[in-house]
Amino acid sequence: RGIAMYEQTPDVVMNSARTPVVRKQGAWGLWWLCAITLGIYYLIWFERINRELSAVLQTPVQANGRWWSQLIPIYSLVGLAATAKRLNAAHAAVGSPTRVGVFVAWFWAPGWFASQTRYLQRRLNILHDVLASHAR
């Protein structure tokens, strides 16, 4: 399956109010919220971003993009890698040059103070901005 299946017009990735379907959120605030809630908000955030990416790509949410996938050892890393790939596909679909390092997302970031939230959210914020610029 190549990137070509994800190529779409920018109109496809907007909701009826002509606003981006990807929510912009502060990366450090997200990280602290995950820490304060002892990881509960991380599960909510992970499910939300995968729903948003699925909306952009017009694909169903995969099992490895669900909140419960992050509770299963090893499978959680598979889910992180798949989410990074979905984020790359979403950026490619809207013509953005931004890319996510899959290895960083699933290997380095979780081991470095759970920084996968900051890493992925920053790239999601860029996707939000690109979608917002297409909406104008």
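What's counted below: heavy atoms across the whole structure, side chains too, no hydrogens, waters or symmetry copies. What you see is a predicted model, and the numbers here were worked out from it, not measured in a lab. Along the sequence shown, the residues carry numbers beginning at 1.
Linking Ile, Leu, Val, Met, Phe, Trp and Tyr residues whenever their side-chain heavy atoms come within less than 4.5 Å places L71 and Y41 in a single cluster. A continuous path of ILVMFWY side-chain contacts below 4.5 Å connects V21 to V94, so both sit in one hydrophobic cluster. Under a hydrophobic-cluster definition in which Ile, Leu, Val, Met, Phe, Trp and Tyr are linked whenever side-chain heavy atoms come within less than 4.5 Å, directly or via other members, Y75 and W67 are assigned to the same cluster.
Separating the CG atom in L77 from the CD1 atom in I72 is a distance of 11.5 Å, to the nearest 0.5 Å. Atom CH2 of residue W68 and atom OG of residue S76 lie 12.0 Å apart, to the nearest 0.5 angstrom. A distance of 10.5 Å separates CZ of R51 from CZ of R23, quoted to the nearest 0.5 Å. Distance CD/E52 to NE2/H128: 9.0 Å, rounded to 0.5 Å. The distance from atom CZ of F46 to atom CG of L80, rounded to the nearest 0.5 Å, is 5.5 Å. L87 CG to Y119 OH: the interatomic distance, rounded to the nearest 0.5 Å, is 9.0 Å.
Salt bridge present: E47 and R66 bring a charged side-chain N and a carboxylate O closer than 4.0 Å.
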In a table with atom names and distances, give each donor-acceptor pair under 3.5 Å that connects a side chain of residues 27-35 to protein atoms at least two apart or in another chain.
{"unit_1": "W31", "atom_1": "NE1", "unit_2": "F113", "atom_2": "O", "d": "2.8"}
{"unit_1": "W31", "atom_1": "NE1", "unit_2": "A114", "atom_2": "O", "d": "3.4"}

Check residues 96-104 and write down every donor-acceptor pair under 3.5 Å in which the side-chain atom is one partner and the other belongs to a residue at least two apart or another chain.
{"unit_1": "S96", "atom_1": "OG", "unit_2": "H91", "atom_2": "ND1", "d": "3.0"}
{"unit_1": "S96", "atom_1": "OG", "unit_2": "T98", "atom_2": "N", "d": "3.2"}
{"unit_1": "S96", "atom_1": "OG", "unit_2": "T98", "atom_2": "OG1", "d": "3.4"}
{"unit_1": "R99", "atom_1": "NH1", "unit_2": "S96", "atom_2": "O", "d": "2.8"}

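Using a 4.5 Å heavy-atom threshold, the side chains of L131 and V56 count as touching. R122 is not listed as a side-chain neighbour of Q25, based on a closest heavy-atom distance of 4.5 Å or more. Side chains of N64 and R86 form a contact here, defined as non-hydrogen atoms less than 4.5 Å apart. Residues L124 and L53 meet the side-chain proximity criterion, which asks for heavy atoms closer than 4.5 Å.
Across every non-hydrogen atom of A84 and A105, the tightest pair is CB-CB, 3.8 Å. Contact detail for A63 and S69: the closest heavy-atom pair is O-CB, 3.6 Å.
Remark: the backbone N or O of W112 is paired with a side-chain donor or acceptor of S115 at under 3.5 angstrom. The backbone N or O of L43 lies less than 3.5 Å from no partner atom in the side chain of Q70, so there is not a single donor-acceptor pair.
By the side-chain hydrogen bond (donor to acceptor under 3.5 Å, both in side chains) test, Q121 is found to be paired with W45, N125, residues two or more places apart in sequence or in another chain being considered.
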